[in-house]
Structures are given as C-alpha cells and as structure tokens.
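Just follow the structure's listing: the first ligand is 1, and inside any ligand the first atom is 1.
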Amino acid sequence: MTLDELEIKCKGCTACELCNGRTNLVFGVGKKDADIMLIGEGPGENEDLQGQPFVGRSGQLLDKFLDSVDLSRNKNVYIANMVKCRPPKNRDPKPEEQEQCIKWLREQFKIIKPKIVICVGRISAQRLIDKDFRVTKQHGEFIDKNGTLFMGTYHPAAILRNPNNKELAFGDWLKVRDKIEELGIEI
Ligand code: URA
C-alpha cells in the first residue's frame, strides 16, 4: 500500500470517539520516504480546521527549529501525530485513543521507513520511547530501537509557555543535525 492509499483509508476511521468531533482528520505531511520523522501529540484547533499537522503557533516555532538545521516539511521530513483527530479542548489523548490510533502510525512507519524519529513532546515520547519518559531529563538522548534512532524533545507549545526551554530545545535540534551527519544521511 502507498502512503496516499493509507491516508484515504485512515480518513474513514471511526475506531474511537475522537472521530465525532473532527472537522478534518490530520494524517500527516511531508516527504513520503523521509529519513527523519517527527511525531507530535494530536491536532489542535488550527490543525483540525486545516487538516495539516503543526500549522498554529506551535507549528511556526517547530518550522523555525527545523529550518535552523536545514530540515523542512517541504523537503526532507515527515510530520505526524500520535492521534489523528483533535481531542476536545486540546486535552491529552487518552491511552485507549492512542492505542487505536497507533495502528495507523505503525503503517506510516512501515511505508516511510525513517532512520530517525523525533518525539515532539511528552505524549509521543512516553508512548514510543519509555512510558516514564521525562522531557526535562531525557531530551536530546538517542535510543536505538530495532535499528531506528528515537529521540524526544520539548514540545513547541511548552516552549511558548516557558521560553527558558528554547535554548535546550535548540540544542536538541543541533544534535539531530549532528546525527544526520554522523550517519551520512543525505537530506
Ligand atoms: N501540537 C501537536 O502535538 N501536533 C499538532 O499537529 C499541533 C500541535
């Protein structure tokens, strides 16, 4: 199956109650065979309205970080979320919602085959790296999982709330750039 075919299937998903509140399902965006994949938490209001991940204020900050290390959703990364439909009032996605939705993410992984996965924020890091992941303690650390490198970093929304974390987050993105170089990944 291609990513486009998977997206069409996914758009009909009614596996959890989040489907009832969606304007648009937010499948993901970017290079279809990207070596670098980013996983956020779930769509917010702007994302739900536009059907694209990270298009609000958080997204603008994320794009700035990406741009600073020569990465871009238009060129060399793929961006998706743990859940594809907006949780009401931007609450955290429930474990059972994540459990249903991760099936789509697994299919996306299989098709895209990223070499590096960046978990943007606590929710995806705790589901994909370590259930007790602490962003403040473990951000910027690469972990090899079956040949794919996973790293967790600050969510841009957390940085907008606490700008003191901006430098630390920027440091993580510099580490991504170094890792890309170390592995000889062409971006
Ligand atoms: N926050 C996320 O985690 N994902 C989005 O797509 C937008 C905001």
Under 4.0 Å from one or more heavy atoms of G40, ligand 1 contributes atoms 3 (O)

among protein heavy atoms, the one nearest atom 5 (C) of ligand 1 is G42 O, 3.4 Å

Are P156 and F54 close enough that some pair of their side-chain heavy atoms sits under 4.5 Å apart?
yes

Are L6 and Q108 close enough, and set up right, to give a side chain to side chain contact (heavy atoms under 4.5 Å, CB included), and what steps lead you there?
CA-CA 8 Å; L6 183 70; Q108 286 175 298; 3.8 Å; yes

With heavy-atom distances below 4.0 Å as the criterion, list the atoms of ligand 1 near P53.
6 (O)

Which distance, rounded to the nearest 0.5 Å, do you find between the CZ of R127 and the CZ of R122?
14.0 Å

Atom 6 (O) of ligand 1: which of V83, N81, N46 has the nearest heavy atom?
N81

For ligand 1, which is the ligand I care about here, please tell me if F54 has any N or O atom under 3.5 Å from one of the ligand's N or O atoms.
yes

Taking 4.0 Å as the limit for heavy-atom contacts, which would you say applies to E41 with ligand 1: side chain only, backbone only, both, or neither?
both

Fit a plane to each ring of W173 and F65, take the angle between them on a 0 to 90° scale, and name the class: parallel (under 30°), tilted (30 to 60°) or perpendicular (over 60°).
parallel

Does ligand 1 have a heavy atom under 4.0 Å from the side chain of S58, from its backbone, from both, or from neither?
neither

Could you go through the side chain to side chain contact (heavy atoms under 4.5 Å, CB included) check for R86 and T23 one step at a time?
CA-CA 9 Å; R86 184 190 180 198; T23 313; over 6 Å; no

Can a salt bridge be assigned to the pair D92 and K94 using a cut-off of 4.0 Å between side-chain N and carboxylate O?
no

Run the contact test for G121 against ligand 1 with a 4.0 Å cut-off on heavy atoms, strictly below, and give the result.
no

Looking at E5 and K9, does any basic side-chain N land under 4.0 Å from a carboxylate oxygen?
no

Just need the protein heavy atom nearest to atom 1 (N) of ligand 1, so name the residue and atom and give the distance.
H155 NE2, 3.2 Å

